[in-house]
2 protein chains.
Amino acid sequence: MTRMHYTRDNMAGLLRSHDINPTHQRIEIAHALFSRQEHLSADQVMAIVNTRHSETSKATVYNTLKLFLEKGLVREVIVDPSKVFFDPNTSPHHHLYEVDSGKLSDIDAEHVQISGLPPLPAGMVTEGIDLIIRVRKA
Amino acid sequence: MTRMHYTRDNMAGLLRSHDINPTHQRIEIAHALFSRQEHLSADQVMAIVNTRHSETSKATVYNTLKLFLEKGLVREVIVDPSKVFFDPNTSPHHHLYEVDSGKLSDIDAEHVQISGLPPLPAGMVTEGIDLIIRVRKA
DNA sequence: TCTGGATATTAGACAAAGTCCAGATTGGCG
DNA sequence: CGCCAATCTGGACTTTGTCTAATATCCAGA
Ligand SMILES: [Mn+2]
Ligand SMILES: [Mn+2]
Ligand SMILES: [Zn+2]
Ligand SMILES: [Zn+2]
């Protein structure tokens, strides 16, 4: 896996490669996610993007994250009943969730194997398999 | 597994066995969940319990579901970012979620095996493993 | 360079899920 | 009956997310 450095300049190409018109706001939001490689909520993205001076509205943050999702640029992680996390890592992987702190980290899917699942209902296709390990301090 | 019939009368004993003082409202809420053996949101519980005549407040529904959760009488299922489902089935099992319809069903854990998980971070203990298969119409 | 239309952004109203609190009800017990 | 603790309640409040109508930006063609 190449460890690349995500600059704002890189973001335009990344967005274009996902069929997304790179605007200033979209570049900032992508940069927030990809430069950190962390799971962020919409609120966190909003805060990061507007650190220096307010420049992106709430509506745009939500619109943009939804667009990224549709275009497959990011993935949604549903572990906390109160907010959705957006994940710049779209390769198949699982999650470890520390319920006390709210910390969410990746588990590489490569060595994890899930077997014995029953056949899917007829006419259904898998959209994704979410495996979440919920942990807390012993 | 004994297939038992969950009557309102049974509920009092079930609640007591989980160290919950059986009040009228608690019995109604438990009955809603256990007689159906379905995954219900707080809103759905509220609607069911208040079908005949309004008798249980929103605050009590939420308080009671949280109490049931703490006492291990029900389990929480987080699959839909907009609402939590409460699950009267506390035996280890997984879930199949139909994203279009919102239908949520159980997958018996007995034959499912998950292997190759990395060791937990030091000082952490597993609180639960959630496996969710998200499916949609082909 | 100017102009029109498509695309994108915005403020702020709105909705839904869930929390919180202070006051009322209940129910068991002396 | 009257007391006390536990429980329940309406309704205000918070948070996350959606929607809309108005504005801003971008760019292709004249
Ligand atoms: Mn900027
Ligand atoms: Mn009743
Ligand atoms: Zn992840
Ligand atoms: Zn279940």
Side-chain angles (χ1 to χ4, degrees), chain A residues 11-12 15-16 18-33 39-50 52-71 73-87 99 102 104, chain B residues 11-12 15-16 18-33 39-50 52-71 73-87 99 102 104:
Chain A
M11 292 300 103
L15 293 176
R16 271 189 219 96
H18 282 261
D19 208 19
I20 298 167
N21 190 12
T23 65
H24 178 59
Q25 286 87 340
R26 287 169 183 176
I27 287 170
E28 287 297 324
I29 291 170
H31 184 252
L33 283 160
H39 307 87
L40 301 177
S41 65
D43 236 36
Q44 289 176 304
V45 168
M46 179 93 170
I48 290 167
V49 160
N50 289 334
R52 293 171 177 281
H53 43 90
S54 183
E55 74 187 18
T56 303
S57 71
K58 184 169 66 147
T60 296
V61 169
Y62 277 99
N63 288 345
T64 300
L65 289 170
K66 188 183 280 183
L67 178 69
F68 286 3
L69 207 55
E70 284 164 12
K71 299 293 190 179
L73 183 62
V74 302
R75 162 180 173 179
E76 213 176 16
V77 185
I78 301 166
V79 287
D80 181 321
S82 75
K83 63 176 75 117
V84 171
F85 287 100
F86 295 87
D87 190 345
V99 293
L104 183 61
Chain B
M11 292 299 102
L15 293 176
R16 271 188 219 98
H18 283 260
D19 207 20
I20 298 167
N21 189 12
T23 65
H24 178 60
Q25 286 88 340
R26 289 170 181 174
I27 287 169
E28 286 298 322
I29 291 170
H31 185 252
L33 282 159
H39 306 88
L40 300 177
S41 66
D43 235 36
Q44 289 176 305
V45 168
M46 178 94 169
I48 290 166
V49 160
N50 290 334
R52 294 172 177 281
H53 43 91
S54 183
E55 74 186 19
T56 304
S57 71
K58 186 170 64 145
T60 295
V61 169
Y62 279 98
N63 288 343
T64 300
L65 289 170
K66 187 182 281 182
L67 178 69
F68 285 5
L69 208 53
E70 285 163 12
K71 298 294 189 178
L73 183 61
V74 302
R75 163 180 173 178
E76 212 178 17
V77 184
I78 301 167
V79 287
D80 181 322
S82 74
K83 65 177 72 119
V84 171
F85 286 101
F86 295 87
D87 190 344
V99 293
L104 182 61

Does the side chain of [X] reach to within under 4.5 Å of the side chain of [Y], using non-hydrogen atoms?
X	Y	result
B:V45	B:F86	no
A:L15	A:N21	no
B:H39	B:V79	no
B:T64	B:I20	no
B:Y62	B:K66	no
A:F85	A:Q44	yes
B:V49	B:V61	no

Worksheet item: Hey, which of these two, B:N21 or B:A59, hits DNA chain D nearer its 5' end, going by closest nucleotide?
Response: B:N21
Discussion item. Any base atoms under 4.0 Å from B:T60, or only sugar-phosphate, or nothing? Heavy atoms, all strands.
Written reply: base
Item to complete: Quick one: label B:T56 by what it contacts on the DNA or RNA (base, sugar-phosphate, nothing), any heavy atom closer than 4.0 Å.
Response: sugar-phosphate
Fill in: chain A footprint on DNA chain D, 5' to 3' - any atom under 4.0 Å from a heavy atom
D:dT16 to D:dC19
Worksheet item: Quick one: does A:N50's side chain have a donor or acceptor within less than 3.5 Å of a partner on A:E55's backbone?
Response: yes
Discussion item. Please give me every residue in residues 77-87 of chain A whose heavy atoms get under 4.0 Å of an atom in DNA chain C, ordered by residue number.
Written reply: none
Worksheet item: What heavy-atom pair brings B:I78 and A:P81 nearest, and what distance separates the two atoms?
Response: CD1-CD, 3.6 Å
Worksheet, complete the sentence: Here the pair of heavy atoms bringing B:K58 nearest to B:M46 is N-CE, 3.5 Å
Worksheet item: Does anyone know the first and last nucleotide of DNA chain C in reach of chain B, 5' to 3', at under 4.0 angstrom to a heavy atom?
Response: C:dA17 to C:dC20
